[in-house]
Structures are given as C-alpha cells and as structure tokens.
Number of protein chains: 2
Amino acid sequence: MPEKFVNLKQLSECLGLSQTTVSRALNGFPEVSEKTRQRVLAAAAEFNYRPSPSATSLATGRTRVIGHVVPLSFHRMINPHFSDFMGGASEAYARAGYDMLIRVVREEEEESVYRDFARRNRVDGVVVHGPLVDEPRIPLLKSIGLPFVVHGRGGGEALDYSWLDVNSRGAFLRATEFLADLGHRRIALVNGLETMNFAHRRRQGYETGLAARGIDLDPALITSEDMVEPYGYRATLQFLALPQPPTAILFSSVLPAMGAVRALSEMGLRPGSDVSLLTFDDRLSFLQSGAASQSADIPFLTAMRSSIWQAGQRVAEMLIHQIESKSEDTVQELWEAELVVGRSTAPCKELSRSLAKEVS
Amino acid sequence: MPEKFVNLKQLSECLGLSQTTVSRALNGFPEVSEKTRQRVLAAAAEFNYRPSPSATSLATGRTRVIGHVVPLSFHRMINPHFSDFMGGASEAYARAGYDMLIRVVREEEEESVYRDFARRNRVDGVVVHGPLVDEPRIPLLKSIGLPFVVHGRGGGEALDYSWLDVNSRGAFLRATEFLADLGHRRIALVNGLETMNFAHRRRQGYETGLAARGIDLDPALITSEDMVEPYGYRATLQFLALPQPPTAILFSSVLPAMGAVRALSEMGLRPGSDVSLLTFDDRLSFLQSGAASQSADIPFLTAMRSSIWQAGQRVAEMLIHQIESKSEDTVQELWEAELVVGRSTAPCKELSRSLAKEVS
DNA sequence: CCCGAAATTCAAAGCGCTTTGAACAACACA
DNA sequence: TGTGTTGTTCAAAGCGCTTTGAATTTCGGG
C-alpha cells in the first residue's frame, strides 16, 4: 500500500493559508511573518511534506542534479580511477543536497546528449571527464551555456573555463630526475593512453626530465595503454626481455605497478634492489588499508601522490559553487603531487657496481 | 550564447495543429492519421524538438530514472565490486533509455530518502545493494510501493520480492570440498563482512564443506572484514604465523587474494606449491586483461567465477521490466558460480610427504 | 481617530507536458 | 436527405510548484 503524501495545496488548505505564503515560508523568503513561518514549518514536518522535484524544477528551471556523461567505448564506469573520483564527487553532492546522474552514451550521441541536458534542465551542470589532447566537448559546452567543470585540462592554450588538474608534467619531471639522481640511466615509462591529455603531459615531464639529466630517449622503453594491472605485468616482462633492460620503471598508476610487482616476483626479482619502481598514485581507496598502523609504515611503493577521490570532491564543489553563484567567472586549480619515497626505489645497481670497481 | 529550443506549444503552432495532436503523434498513439504523423515527425526533427523531462514527469508521474541509494558509511562507491556492478547496470539503463541516479546518504536518512523517492516520482525504481542478514529496506520498500530489485537476498525466508543472487553457499561448499579432496585439512577462510548476507552464506557453505569432509572448524582460521587488498595481506601473514598454519586459504574476493600473493611472495613462498589459494572471483573488469592471449592461458588463481558486471546488467533489466510491465509478480534468479582451476591450488604438501613416507 | 507606509497575505498566471471529453469531418448506409 | 459510425482533431483541465501584481492588514504619527 503506497504511502499518503500531501502536496502544497493540501498543506496550505490545512493551514488556512494560500499556497504562495506556504511556499514562501518554506523557502525562507523574508516577507512572511515569523509566527506564520513557524506554523507552516510545524505543519510541514507533521504531514511530512516534501515538494515534488519535477514540479519544482518545471517551475524554477533548476533540478539539483549534476550530470556525468560516460562514453560507452571508454568503459570508464569500470575503472577504479573513475569510480574513486565519482565517490568523492557524490559525497560532495550529498553534502550540498544534489544528486548525481549518470548517462552512458554511444560516442556519436555525446554531443546531442549535452544539448538535451542543457535544454530546459535535465541537469544543472556537468563534469567533463578525461579530456583529450584535442577536446571538442569544451567549446561545445561553452556554446550551449551549460555549466561545467573539467577534471583535467584540454590540450589547447585557451584555458578560459573551470578546471582542476594535477601538475602531471611537473610530477613526472621530478620523478624522472629523482630516478636519474639515483644513478639510473635506463628509465622506462609505462604510460596511460596518450590521447588523454594527462598522459600526454606526463610524457612531456618524463622527456624533459631525461633531457635535463642528459639521458637519451629510447622509444623501446615507452608504452602507452589503458592503466590496468595486466598491462603493467606484460610491459614489465617485455622490458626485462630487452637486450639492455631498464633499471627503473615509471608507472602511470598503481594498478600497472602492481602488475609489475607480480612480474618481478615471478622472475625472482625484488622491487627496489633489482629494479626500481616509481608510480603515480591516485590514492585509490580500495588499496588503502583501513588499519592505521600501515600508514605509519614506510610505504612499499615510491610514488607521486595525489588523491583522485579528493579531486572528485573538489570538482563537485567547484561546479556547485558555479551553479549557485551564477557567476560567469572561471576557476582553475592546479594541484601538486607529493613525492613520497618508499621501498621500491634504490640506487642503480649497475652504477654502484661500477663505482665499487672504481674504488677498489 | 544558449541554444534556442522549441517547446510543444511552439511546435504545434508552426504546424497549425493542437498540442494534443502533436503530442499524440510523437508518442505513437493510434488515433492520429499517418499523414499528420509524418508531418509532425519531420517538423520535430527539423526544429530538434525534445520534450522537457520535468514537464513530462510532472504530467505522467514517470521519470525514466533508476535510483541507487548509497549509505555514506559503506563507502561502496569506492569499492571495485560495487562500481563494476554499476557499470553493468548503467549500460543496461542506457540501452533502455533510462538514467542512473546516485544518492549518497547518511545511514539514518536512508529510510526517509526512499520515502522521498517514492513520493511523486523522483525515480521509477531502485536497486537494493548489499542486503544484510537482517534487511530492513525490503519490507520498507514493499510498504511504500516503490519498485525495486535486490542484488543478493535478505536473510529471512520470505523471498517474495525480485532478486538476483549468486549461490554463495553452494560455491563455497564446492570450493571447500575441492580443497579437502586435494588433501588439505587446515583450510582458512578470509571472508567478507559477515553482517552482509552473502558473506554469511559463504561461511555456511564453508562450514558445511568442512563438516562433509569430517574436518573440525578452527575459529583461528576464519576472518571477516571488508574485502580490500591489504586485508588479504594481513590475514595471510597472521595465518602463517600460527603454530599450525593453514595449507590452503579461501578468499571472498580477488582483492584480498592479491594481498595474499604479495604476502607469500615477501615470505618467499609460492602460491600453489607452498600454500593453496582459492578465491571467489567477481570478474572485476579492471583486472581482466584486454589481450585475448591471456584468457587462453591457464589462469593464475583457482576461482569460483561469476561476473558482477553481468549481474548489474541483469538486475537493471529486471527492474526496468518490472517498471514497464507494471506487473506485481516477482522474479528470482540464482546464478551458479563456475569453479575454474588455475595454478594457485595443488595437493597438500604435508599429505604428500606423509604419503611418500608411507610408501617408502 | 484617520492616513499613508510598511508588513503580510492572496488570487491567478505560468512552467511544458499529457489526457479527458467533446467537436468536427468524412463516409457508408438506409 | 438524414443517421449512425469511424476516424481525426481540438480546447481545456490538470500535474505541483513558483512568482507576479494586487489586496489586505497592521501600525506609528499627525
């Protein structure tokens, strides 16, 4: 048996007031006397009154819903980086009284979906995920006037929209130099898909780092794929089979880095002492231990850290602020990743060996 | 510059028809002549007409949105099992023209949120995640008359609602017997949280399996926690430190099983030959390799397999069917997990040793 | 005690769609 | 020519809320 609900009309009849007054009392307008407001609030609570979202949004044009459009081909939903981001965002939405709407679309529908969203408010705004080096969604959204915040940046120089990004270039530059300073000369890069702008920037940082330390780029030491565990496993095995294997490997995510750990363990090699591993770490929640003791420990993997969960939270906040302030001005945030040294990096063995030789 | 859109009124004025006729032509009602329908369809396409979702849902009471309520405390969003399920569901929604709505709530709000959802349609139905042994949401949803499908089952015997579940009991029974038949007498269980009904059933299967093979239950060999990687790592180290360590370990998910692999590798032990590992495998997408070659291989972990992604898809389909058919009858599906033998299980060493002794 | 301003309250229109009940046209039949 | 039928179209009401512009009440001061 479905529950009984009162609507605004019934509520106002019970109170002997007009719908106008009741609506205003509920929405905190100033032109209603305090006495009436209290009466209305009490009655609303008693009858458990809730306004109908569709009616409200039809009347106001606002929905309190944020859209996330996910292209089918990317399968982003099933990617832990994506879902961690979404976890952070959804918590921020909850705090602000918003809902998250997810629409999976075929690539070619994407544009028309954004237009639909803009049309009399399916959502109040959208988050743009995983911008490409050349990102068409940004001009599109600007032209249709739908509020949006980008997680990452597009490739162009026109950054006149709101975004939040991690300084990928800087992080990979530092990481590369860090490894070079440990004596490594053959440093491999297990990158994400380089059509993604973030991966593109990571590569730039890596190349700049090598150049800064006078190391030649070796294309055989670079791979670019979707960041999953088996990818890291395969790439590592492949690198180790080279005539001149790398002594250090940089990873775009903890997932492929875990694959590398597996590969090394199968080959009887130890991370750190045998091959140095350094990874970008999005602080994926399901890999963090619940136990406090663990975090006090020296971490296993040396990593550039930046929480993607927090990024999701912040992007959501930025978008909600943009929507509610109705201001046209854009906000940009560039986060620095921290470089945390763990047990998976060590001075280059070959180098120490040759040093030892020199000394003796 | 925001785009221009036509609404139904403008469209019908252009056509010199009434809103009624246009609306009916668009929605495929029979009482409109074929000639007019074609004209209307053409005009709608030309002007790129899209009905306003809020207006439609205000008028019809249907929203084409499915709700997922996620308690904050569970942090399910950041759990790969959960997001894989959501990935499957969202694809099914997309195919049927539905959207997915996610609302993160504080535990104590949960009930009132469901009531709100039911109230004049915030959503057309909801999916119930992770039912507990004693699940209050089921009677609640039945009483408020909001369509729902449960992923899993509640603990009670009154199963008169729609659900889809994996036969956890059966799977863990088989797995336990399988290990016992390899000669293992000390089999540990790294279970999920046993307040969850699925974990409860897995434990039952495990206990039944032990009993069937005449093995006594040892509480020191059972743990119950959230299924993350570090949990498996810790649990394994803890087991191996026992005076009488287990020779085989059952895991509730690949994640803790991966932690176990890490632990073993650190101790210089090999899965299979030293300790047998057998895990429930939800076929988490981000752990599957994209390469076809890999799947032709013998898998590394011996596992009970059932795709949680497909479960999400199927649950979504069931719910949409329930909503669209408006029928009151419930549907239940119980899926069997397949037991796939990999390299992480082997006959019990101690047993072979004693057998060898006997022979000599 | 009355008047104008300020403080409250209200009736009604509108948001964009669906749907009811009636009107109208077309047609066959007597 | 009139009547009943069928096929098409329409005007208007309604979904539940917000908001405009007008009406009503309250109150301090002349």
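Numbered from 1 within each chain, the chains take letters A, B, ... in sequence-line order. Atoms considered below: every heavy atom in the structure, side chains included; atoms not considered: hydrogens, waters and symmetry mates. Remember, predicted model here, so these are calculated numbers, not experimental data.
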Worksheet item: Who passes side-chain hydrogen bond (donor to acceptor under 3.5 Å, both in side chains) against A:Thr36, sequence neighbours left out?
Response: A:Ser33

Worksheet item: Do the non-hydrogen side-chain atoms of B:Trp163 and B:Val315 ever get within less than 4.5 Å of each other?
Response: no

Discussion item. Once side chain to side chain donor-acceptor pair (under 3.5 Å) is applied, what residue pairs with a partner in residues 37-47 of chain B remain, sequence neighbours excluded?
Written reply: B:Glu34-B:Gln38

Practice prompt. Tell me what B:Thr36 touches on the nucleic acid: a base, only sugar-phosphate, or nothing, going by heavy atoms under 4.0 Å.
Written response: sugar-phosphate

Worksheet, complete the sentence: Taken to the nearest whole Å, CD/B:Glu34 to P/D:dT8 is 9 Å

Response to the item:
Separation of D:dT9 atom P from B:Arg39 atom CZ, nearest Å, is 9 Å

Worksheet item: Given atom CG of B:Leu17 and atom C1' of C:dC24, what is their separation to the nearest angstrom?
Response: 15 Å

Worksheet item: Which residues pass the side-chain hydrogen bond (donor to acceptor under 3.5 Å, both in side chains) test with B:Thr330, sequence neighbours left out?
Response: B:Gln332

Practice prompt. Please identify each residue that fulfils side-chain hydrogen bond (donor to acceptor under 3.5 Å, both in side chains) with A:Ser112, with sequence neighbours left out.
Written response: none

Item to complete: Would you mind reading off the distance between B:Lys35 atom NZ and D:dT9 atom C1', rounded to a whole angstrom?
Response: 12 Å

Worksheet item: Using rotation axes that map the C1' atoms of four end pairs onto the next four (five pairs an end), what angle separates the end axes of the helix from C:dC1-D:dG30 to C:dA30-D:dT1, to 10°?
Response: 60°

Worksheet item: Going by the salt bridge (Lys or Arg N to Asp or Glu O under 4.0 Å) test, which pairs reach into residues 8-23 of chain B, not counting sequence neighbours?
Response: none

Worksheet item: By side-chain contact (heavy atoms from CB on, under 4.5 Å), which residues pair with A:Thr63, not counting sequence neighbours?
Response: A:Ser57, A:Val65, A:Asn121, A:Asp124

Discussion item. Within the 4.0 Å limit for protein heavy atoms, which parts of nucleotides 16-21 of chain C are touched? Write it as a string from 5' to 3', B for base, S for sugar-phosphate only, - for none.
Written reply: BBBBBB

Worksheet item: Over how many whole Å does the gap from A:Gln38 atom CD to C:dT8 atom P extend?
Response: 14 Å

Worksheet entry | Contact list for residues 48-59 of chain A, test salt bridge (Lys or Arg N to Asp or Glu O under 4.0 Å), sequence neighbours left out | A:Arg50-B:Asp116

